[in-house]
Structure formats: C-alpha cells, structure tokens
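Accompanying notes for the structure given below.
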Amino acid sequence: MKEKNVAIESVDEVPEEYGFNVDATVREPEITNDHTAIIRITVENERDEARKISDGNRELFSTLTSTEPGLLLLDREASPLRTPGCWRPVFGQSRSMELRIAEIPPKGTATIDLAVWGESGVSLNECLPTGTFRFDTTYHVFGAEEREFDWGFALSVEEQQA
C-alpha cells in the first residue's frame, strides 16, 4: 500500500444561535501499512447549562461516510476485520436503529477520535482512494426547544511524496 497523508481542507461554522462549536482536526496525518490517519471531532457547548445533542442512530460522531463514495471514518476504538494490506473493513458497518444522545456539560466538550478507512463495498481501484472527500451530518439539539443544524468538513487524502 502506498503511504498517504490526510489534511482538513475546510470546516463548516455552526451559526451562533445554536450555542455549539464543532471542529475537525488531524491528530495523526499519515496512513501506512501499520496505522491509518486519525481525525478528531470536537463539539463544544458554549452555553452555561448542560445540553443534549445527537447526530442520529449511532454513538455521537462514531461513524461518518463521505458524501462521495470512498471513505469511512470509524471510532478509533472500533476494530473491524481489515482487508489484508488495506485500510478497508472486510464487511460493511452495521448501525443501530436506537437514537443515541450525548449530554455535554456547561461550557464542556465531547470529543472522539476517528480512524480513516476506505469504504467497503465500493468498487474502486485502490483500498483507500486519494482526493478530497466531504463528510456531512445533521445534529439534533434537545431541550425546551428542539432544533437541528447541519455541519460538515472536507478531508483530503494524498500520496506521500518521496
């Protein structure tokens, strides 16, 4: 497998009225035969009261699939069977239908580290494609007034230069 690097190309801003700040950063940029890149998603509650938030029927941020076929971000702690010599799960990822809600304390944060994988079931010439990939999700905010907002970011994957 050719070694690659990842970078965050852009991150959406959350409108101030929602009282959250969401960010994506690169923790480990290199993809090699021994390890894949790691992206950190952080959600900050900017209000003085605890707030509940969800991004659907999964643990907060635990799985994101690129809008273009090719990439999958999985909880770093997940350990699906790996295609030999390739950062692609042997089987597709199943998702619970149970709504998962995280409570973030006043002025607190929730973070998760996500590993960069190639999307299984996608017919591509390489295990982990290069290019720029967009990840989008809708966050649901629970409380006296339920609201939702869309957020996302773009991630590039490029072959390392010799």
Side-chain angles (χ1 to χ4, degrees), residues 1-15 18 20-44 53-102 104 109-141 148-162:
M1 183 179 107
K2 295 180 182 175
E3 293 188 357
K4 299 178 181 178
N5 284 326
V6 302
I8 301 293
E9 296 298 325
S10 65
V11 177
D12 294 352
E13 299 237 353
V14 177
Y18 293 98
F20 283 100
N21 181 38
V22 186
D23 199 14
T25 55
V26 175
R27 300 276 297 161
E28 296 175 22
E30 294 183 338
I31 300 169
T32 69
N33 282 325
D34 297 327
H35 63 85
T36 190
I38 303 297
I39 306 300
R40 174 168 282 178
I41 306 294
T42 302
V43 175
E44 178 185 4
I53 188 170
S54 171
D55 66 343
N57 58 348
R58 61 184 179 263
E59 200 167 324
L60 196 59
F61 335 117
S62 62
T63 306
L64 292 173
T65 304
S66 58
T67 56
E68 308 80 9
L71 289 188
L72 180 66
L73 300 179
L74 296 175
D75 184 333
R76 182 183 198 165
E77 301 304 316
S79 54
L81 291 176
R82 178 179 161 195
T83 303
C86 182
W87 286 102
R88 182 180 287 178
V90 172
F91 300 105
Q93 294 300 111
S94 62
R95 290 169 67 170
S96 165
M97 294 309 290
E98 178 183 341
L99 181 63
R100 308 277 178 121
I101 300 172
I104 303 177
T109 60
T111 62
I112 189 167
D113 288 341
L114 300 171
V116 178
W117 288 72
E119 187 177 1
S120 62
V122 175
S123 179
L124 299 170
N125 294 331
E126 48 187 330
C127 293
L128 210 149
T130 57
T132 300
F133 298 86
R134 176 102 185 137
F135 293 88
D136 291 308
T137 193
T138 299
Y139 290 98
H140 306 275
V141 180
E148 60 183 44
F149 62 90
D150 295 325
W151 177 83
F153 64 98
L155 175 74
S156 65
V157 179
E158 302 298 331
E159 288 185 10
Q160 285 186 3
Q161 301 301 317

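Quick note: residue numbers are just sequence positions, from 1.
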Quick check against the 3.5 Å criterion: does [X] have a side-chain atom that pairs as donor or acceptor with the backbone of [Y]?
X	Y	value
D12	G152	yes
Q160	N5	no
T83	R88	yes

Distance in Å, [X] [atom1] paired with [Y] [atom2], rounded so as to fall on 0.5 Å steps:
X	Y	atom1	atom2	value
L74	T65	CG	OG1	8.0 Å
L72	L128	CG	CG	10.0 Å
I53	H140	CD1	NE2	9.5 Å
K4	W87	NZ	CH2	13.0 Å
I104	T111	CD1	OG1	10.0 Å
L73	I38	CG	CD1	9.5 Å

Can you give each donor-acceptor pair under 3.5 Å made by side-chain atoms of residues 28-36, sequence neighbours left out, with the distance rounded to 0.1 Å?
| from | atom 1 | to | atom 2 | distance (Å) |
| --- | --- | --- | --- | --- |
| E28 | OE2 | R76 | NH2 | 2.6 |
| T32 | OG1 | D34 | N | 3.1 |
| T32 | OG1 | H35 | N | 3.2 |
| H35 | ND1 | E30 | O | 3.4 |
| T36 | OG1 | V116 | O | 2.5 |

Shortest non-hydrogen separation from [X] to [Y] and the atoms involved:
X	Y	result
G118	P89	O-CD, 3.2 Å
T132	A154	CG2-CB, 4.0 Å
V157	L71	CG2-CD1, 3.7 Å
I41	A24	CD1-CB, 3.8 Å
P129	G70	CD-O, 3.6 Å

Discussion item. Taking side chain to side chain donor-acceptor pair (under 3.5 Å) as the definition, give me every residue that meets it alongside S10, ordered by chain and number, with sequence neighbours left out.
Written reply: none
Discussion item. Holding to side chain to side chain donor-acceptor pair (under 3.5 Å), I want the full list of residues that pass it with R27, two or more places apart in sequence or in another chain.
Written reply: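 R27: no side chain to side chain donor-acceptor pair (under 3.5 Å) contacts found.
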Discussion item. Suppose the criterion is salt bridge (Lys or Arg N to Asp or Glu O under 4.0 Å): which pairs have a residue in residues 151-160, not counting sequence neighbours?
Written reply: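 Salt bridge (Lys or Arg N to Asp or Glu O under 4.0 Å) check on residues 151-160 returns K2-E159.
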Worksheet item: Do S156 and E9 have a side chain donor and acceptor closer than 3.5 Å?
Response: yes
Fill in: Contacts of type ring pair (Phe, Tyr, Trp, His ring centres under 6.0 Å), residue F153, not counting sequence neighbours
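Partners of F153 under the ring pair (Phe, Tyr, Trp, His ring centres under 6.0 Å) test: F135, W151.
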Item to complete: Taking ring pair (Phe, Tyr, Trp, His ring centres under 6.0 Å) as the test, write out the residues that go with F149, two or more places apart.
Response: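 With sequence neighbours excluded, F149 shows a ring pair (Phe, Tyr, Trp, His ring centres under 6.0 Å) to Y18, Y139, given in chain and number order.
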Worksheet entry | side chain to side chain contact (heavy atoms under 4.5 Å, CB included) between D150 and D136, intermediate numbers included | CA-CA 7 Å; D150 295 325; D136 291 308; over 6 Å; no
Fill in: I39: which of L64, I112, I8 passes side-chain contact (heavy atoms from CB on, under 4.5 Å)
I8
